[in-house]
Amino acid sequence: METKHTKRYHLLKWGAGLGLLCLSQLALADEEKTEAEIRWQAMSPIANLYLSQANAEDFIAQGDNEKSRYNNYAGALAYYLMATERDSSNIWAPYQAAGTLAMLELKEQAIEMLLQADNRGLWQYIMLEEDDELNAIRDTDEYRTVLKNSQSRYLQHAKDTGKAYIYQPKGPAPKDGWPVLVWLSGYGTEGSNSAHMAKLLTTERAIFIGINGTEKLNEHSFRWARTETESSHQAVQQALAKAAKNSPVNRQKVALMGFSQGALHSAHLLAKHPNDYVGALLLSAGGMQTEIQASAPAGKRLVISYGEQEHSSNLALDKQLEQFFSPGNQLQVKPHQGGHFFDDAWLQKYPDYVNFVLELN
């Protein structure tokens, strides 16, 4: 028996094919029929994706664009439904459809799509628990059941939280062991994205360690905890112990480097564990833990870099960190003209920043 879902999908497929016919008809149409042209312009992207055999990820990306750029939830829904049909194993398509339907106050359909995501193995517990788009169905039994199911699956999928990617230098180690630069990446990224920075600096002069955040949001997407930083410190210490198994490590020359949420956690770790870290490179700090519950350390070497066009809350945080670390430390403040991203001249400046923080010659 054909379900409501399959009927809806068949209508979408039929509509995509009809769109192609409309295009050829428009070529012969009277110039006055602008309404048809406008309607085709709205339909053509999804029709073209369908006819070009685009994969589910392509449809999801277009749906995300409709929401984020145009606040067009109805348009986004069409992409998510097509993605749900295109790949029967894709979890994210029905999940996104559920959130979009909930925002459109179509609660029954939203629950139906969320259950479909659950049947496909939804494990993104953290995102499900915090997703504001699902507020309209959050008090339902179905939502609570899916949340519980995703929580039980999360542990199986989140085994790579805190995973360290270690880049060892070539050649013999210095007498006291290798200095170490530990990278804490920003929200939604992963430690393996740091390979290019490791190659720029540390192939001969220091060990470079990139670490996944301690909480997993989605595949290849991590964050650091929002309410505490001790789990981040433990992840760094475990990574240092792992690195020391293969090369001598100078534990007196371990510096932290982080972007956005990773920068904020780096600042917390330097303040709370001053005996473990010699300094930090803080890039565009941002996140939830804005008040450091520790006294300011002394004798540290820091670089704080941020964009002058950042959000006011980030600028305030950078100023707060500058004031916190200024007394008794060697601090360089390096603003740039951009926003919440790396300095355009980052590749040229980065080695000098790290040389300063680690006191490399």
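By the side chain to side chain donor-acceptor pair (under 3.5 Å) test, Asn90 is found to be paired with Glu57, residues two or more places apart in sequence or in another chain being considered.
Note on ring orientation: taking the six-membered ring where Trp is involved, the planes of His233 and Tyr277 are perpendicular (angle over 60°, cut-offs 30° and 60°). Between Trp123 and His157, the ring planes are parallel. Angles under 30° get that label, and only those over 60° would be called perpendicular.
Salt-bridge check for Arg153 with Asp118: passed, with a basic side-chain N closer than 4.0 Å to an acidic carboxylate O. Ion pairing between a basic and an acidic side chain is recognised when a charged N comes within 4.0 Å of a carboxylate O; Asp343 and Lys334 show no such pairing. With respect to the salt-bridge test (charged N to carboxylate O, under 4.0 angstrom), the residues Lys349 and Asp352 do not qualify. Using a 4.0 Å cut-off between charged nitrogen and carboxylate oxygen, Arg223 and Glu130 count as a salt-bridge pair. Between Arg138 and Glu133, no side-chain nitrogen of the basic residue sits less than 4.0 Å from a carboxylate oxygen of the acidic one, so the salt-bridge criterion is not met.
Checked by atom type, the side-chain pair Thr229/His265 shows no donor-acceptor distance below 3.5 Å. With 3.5 Å as the limit, one finds no donor-acceptor pair spanning the side chains of Asn250 and Asp176. Using modelled atom types, one finds no donor on one side chain facing an acceptor on the other under 3.5 Å when comparing Tyr79 with Asp58.
Phe59 and Tyr80 have their aromatic ring centers separated by at least 6.0 angstrom.
Hydrophobic clustering (ILVMFWY, side-chain heavy atoms < 4.5 Å, transitive): Tyr165 and Phe222 are in distinct clusters.
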